[in-house]
Amino acid sequence: MEHADVVVVGAGISGLCTAKTYKELAPETNILILEERATVGGVWCEANLYEGIKTNNLVGLYEFSDFPLLGVSKYGVPEGSHIPGRVMYQYLTDYAKHFDVYDSTKFHTEVKEVEKVDNGWKITATKTNVDGSITEKVYECKKLVMCNGLASTPRPISIPGKGDFDRPIFNHGGLAREAPAVAKDPSVKHVTVVGASKIGYDAVHLFASNGKQVEWVVRESGGGAVWMSPPWIPLGPWMVMLEHVVTTRFFTWFSPCVWGHYDGFNWIRRLLHGTAVGRWLVHHFWEKQRADVIEDIHDYIRSGQITLRRTDIDRIGKEGSVEFTDGSRMQTDALIAITGWQLVPKIKYKTSDDIDGDLGVPSSSQSVEQENLWKDLNSRADQEILNQFPYLRNPPAARPPFTQSVTAFRLYRGIAPPGLTARGEHSLVFLQMVHCTANLIVAETQALWSFAYLNYKLPVDPSNVFWDTALTSRYGKHRYPWGFSAWWPEFVYDAVPYADMLLSDLGLRRWRKKSWRKELFEGYTVHDYKGINHEWVDVQQKKVTAG
């Protein structure tokens, strides 16, 4: 058994940022990072890279505040460009080495079970050795940081007839491993892609750009294609960066948000969302928003190289046959299914009988007491949210075509397990369990918040933990009814107010721009949060000095 002060599970953006923050603020801490893959990077690890993959964000907006990527000749990414996946992988590797957390990482180590013990946590993992053999490894730590992410395990393909299909077939988890061979194989003329998420767009573009005829199946029983937008959009007479729009305070006011008051402009929010005139303004503001599909996909569709089908597959079979529910059929040389991600945790969590078992992670085996507790909390939270934002009572008539067999994520501040927090125990956090366009802002503010929380330097009212958690958990169900927010938080215009909330907890300034004009009308980036770790240390020292 190996012991550590802190164990971080996952070496992606959040895991690396958290380990770096811990080492910066408490250099004497013995930290281990457990990573099941062969490299750092999380979704940007080397094994996940496939042809054409790039970040959604533009360069300069997807980097840490104290480790630049934009303008560094080594990375060679021109300003205004999306970052290639391989550059992102190299950047995160460099970051880990620069801040001395790379050598603290144990690769090929997959966590299987987490158990609460008297003095902390026991982690059981399997280590894949060079010769392919498997060794069980056990670790114990005082503090545990889970950064294993939401999107890590693709759902399996469940199309009837899969066993008879005698052509290449894989889900999006195989894009890095299997797609290159299919894309370069001259005998493969026709490729079928099922699904139109962001990864679906990537897969379609990958095969079309390699000269394949692509059949793009957008399932009639599904949610349809996701909206895609160019990075620069028209706003009146100006062209503005889309990423800046969603992190501009002025625009965030038009979005209903249960933690919006933490931005210090609650009087404006009450005017916009609590009065008839304000709600009229909000309605007309959203009517003006729009999104456009990326142009190169349009070009392939116009040329006929990509054919769209809005139907479902009934079954597949021998010789690459594909039968559709509308009665049509065809043959294909390969099939790639964008199956989505499993929410059911791969890691088993164990707690003893005298510990509140509600860790806030998805579960299919809650006790009757927990079910009743959350049923009551959810009902009251729904009422509070809909009273505050009455227009959310009228969501789209259609409903998402997908379900989950487990409970939603229920985490205090989107980070801490409510059961343990309410009992006064701060030994476990879950980071980056959100879907957000401002990932780096969330990563850096969550990393500092979690350090303060784990070290009992964060004021928490135990009596309010479950109620606050219920509000956070239920908010997304009403605000983003067509997404996955019934199960985990999705942030668009909510990321900056979320950072405001975490900074308020930490006693740090939330308004970080140099003038009021910029504060209200300039988009926030991660660089506006540069130095928050040192600011927090100064606040703590002043508290000590003041007695």
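Treat the numbers as computed from the prediction; the structure is a model and nothing was measured.
- Residues passing the side chain to side chain contact (heavy atoms under 4.5 Å, CB included) test with Pro156 are Gln342, sequence neighbours excluded.
- Judged by distance alone, the side chain of Arg310 and the main-chain N or O of Arg219 form a donor-acceptor pair under 3.5 Å.
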Please walk me through it: do Lys530 and Asp66 pass salt bridge (Lys or Arg N to Asp or Glu O under 4.0 Å)? CA-CA 7 Å; Lys530 184 176 182 179; Asp66 52 2; over 6 Å; no
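- When the side chain to side chain donor-acceptor pair (under 3.5 Å) test is applied to Tyr91, no partner is found at least two apart in sequence or on another chain.
- Residues satisfying the side chain to side chain donor-acceptor pair (under 3.5 Å) criterion with His82, sequence neighbours excluded, are absent altogether.
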Only pairs under 3.5 Å count here: list side-chain donor-acceptor contacts from residues 163-170, not counting sequence neighbours, and write none if there are none.
from	atom 1	to	atom 2	distance (Å)
Asp166	OD1	Glu319	N	2.7
Asp166	OD1	Gly320	N	3.1
Asp166	OD2	Glu319	N	2.9

Could you check Arg86 against Glu46 for salt bridge (Lys or Arg N to Asp or Glu O under 4.0 Å), going step by step and ending with a plain yes or no? CA-CA 7 Å; Arg86 185 154 293 280; Glu46 189 172 31; 3.5 Å; yes
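- How far NZ of Lys189 is from CG of Asp333: 8.5 Å, rounded to the nearest 0.5 Å.
- Between Ala176 and Ala47, the shortest heavy-atom contact is CB-O, 2.9 Å.
- At a cut-off of 3.5 Å, with distance as the only test, a side-chain donor of His190 or Thr332 sits close to an acceptor on the other residue.
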Do any side-chain atoms of residues 433-443 form donor-acceptor pairs under 3.5 angstrom with protein atoms, and if so which ones, sequence neighbours left out?
from	atom 1	to	atom 2	distance (Å)
Asn439	OD1	Gln432	NE2	2.9
Asn439	ND2	Cys436	O	3.3

Side chain to side chain contact (heavy atoms under 4.5 Å, CB included) evaluation trace for Ile338 with Val194: CA-CA 6 Å; Ile338 313 302; Val194 184; over 6 Å; no
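- Checked against ring-ring contact (aromatic ring centres under 6.0 Å, His included), Phe491 has the following partners two or more places apart in sequence or in another chain: Trp259, Tyr498.
- When all heavy atoms are compared, the tightest approach of Leu175 to Pro180 is O-CD, 3.4 Å.
- Taking the side chain as every heavy atom from C-beta outward, Ser255 and Asp494 approach each other to under 4.5 Å.
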Check the pair Phe67, His98 against ring-ring contact (aromatic ring centres under 6.0 Å, His included), reporting the backbone distance first and the verdict last. CA-CA 9 Å; Phe67 194 74; His98 179 80; 5.1 Å; yes
In sequence, state the C-alpha distance, the side-chain angles, and the governing distance for Glu444 and Val526, and then conclude on side chain to side chain contact (heavy atoms under 4.5 Å, CB included). CA-CA 8 Å; Glu444 293 205 359; Val526 68; 3.6 Å; yes
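- Using a distance-only test at 3.5 Å, with no hydrogens or angles considered, no donor-acceptor pair links the side chain of Asn171 to the main chain of Ile157.
- Residues Cys147 and Val8 approach most closely at SG-CG1, 4.1 Å, considering heavy atoms.
- For Tyr480, the ring-ring contact (aromatic ring centres under 6.0 Å, His included) test picks out no residue, with sequence neighbours left out.
- Partners of Phe324 under the ring-ring contact (aromatic ring centres under 6.0 Å, His included) rule, at least two apart in sequence or in another chain, do not exist in this structure.
- Remark: Asn533 pairs with Lys20, Thr21, Glu24, Leu25, Leu448 by the side chain to side chain contact (heavy atoms under 4.5 Å, CB included) rule, at least two apart or across chains.
- With hydrogens and angles ignored, the 3.5 Å screen pairs a side-chain donor or acceptor of Thr109 with a backbone N or O of Phe107.
- Taking the six-membered ring for Trp, Phe254 and Tyr493 have ring centres at least 6.0 Å apart.
- Arg309 and Ser328 share a donor-acceptor pair across their side chains, judged by distance under 3.5 Å alone.
- Ring geometry for Phe389 against His273 counts as perpendicular: the plane angle is over 60°, on a 0 to 90° scale with 30° as the lower cut.
- Of the charged side-chain nitrogens involved, none lies within less than 4.0 Å of a carboxylate oxygen, so that Lys106 and Glu35 do not count as a salt-bridged pair.
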Hey, mind stepping through Glu51 and Lys184 against side chain to side chain contact (heavy atoms under 4.5 Å, CB included) and telling me if it holds? CA-CA 11 Å; Glu51 181 184 327; Lys184 303 302 181 185; 3.7 Å; yes
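- When side chains are defined from C-beta on, Val214 counts as touching Val193, because their heavy atoms get closer than 4.5 Å.
- For His172 (side chain) and Pro154 (main-chain N/O), no donor-acceptor pair under 3.5 Å exists by modelled atom type.
- Under the ring-ring contact (aromatic ring centres under 6.0 Å, His included) criterion, Tyr529 pairs with Tyr524, not counting sequence neighbours.
- Closest of all the heavy-atom pairs between Gly42 and Asn48 is O-ND2, 3.5 Å.
- Checked against the 6.0 Å centroid threshold, Trp216 and Phe207 do not count as a close aromatic pair.
- Here Glu178 pairs with nothing under the side chain to side chain donor-acceptor pair (under 3.5 Å) rule; sequence neighbours left out.
- Evaluation of the side-chain hydrogen bond (donor to acceptor under 3.5 Å, both in side chains) test over residues 68-79, restricted to residues two or more places apart or in two chains, returns Lys74-Asp94, Tyr75-Asp94.
- Side-chain contact between Leu335 and Ile313 is present, with at least one heavy-atom pair separated by less than 4.5 Å.
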Taking it one step at a time, do Lys198 and Asn56 satisfy side chain to side chain contact (heavy atoms under 4.5 Å, CB included)? CA-CA 9 Å; Lys198 189 270 182 185; Asn56 289 338; 2.9 Å; yes
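- Thr248 contributes a side-chain N or O that, together with a main-chain N or O of His244, makes up a donor-acceptor pair within less than 3.5 Å.
- Remark: the Thr311 side chain and the Thr325 side chain contain an N/O donor-acceptor pair separated by less than 3.5 Å.
- The minimum heavy-atom distance between Ala196 and Tyr201, with the atom names listed, is O-CE1, 3.6 Å.
- No option in Thr525, Leu69, Leu70, Thr55 other than Thr55 meets the side chain to side chain contact (heavy atoms under 4.5 Å, CB included) test with Tyr62.
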Could you walk me through whether Lys346 and Glu36 pass the salt bridge (Lys or Arg N to Asp or Glu O under 4.0 Å) check? CA-CA 12 Å; Lys346 292 193 303 179; Glu36 67 175 287; 3.3 Å; yes
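- Between the side chains of His527 and Glu63, at least one donor N or O lies within less than 3.5 Å of an accepting N or O.
- Tested against Glu522, the residues Lys513, Arg512, Arg249 include a single salt bridge (charged side-chain N to carboxylate O under 4.0 Å, His left out) partner, Lys513.
- A donor atom on one side chain and an acceptor atom on the other are not found under 3.5 Å apart for Gln446 and Ser14.
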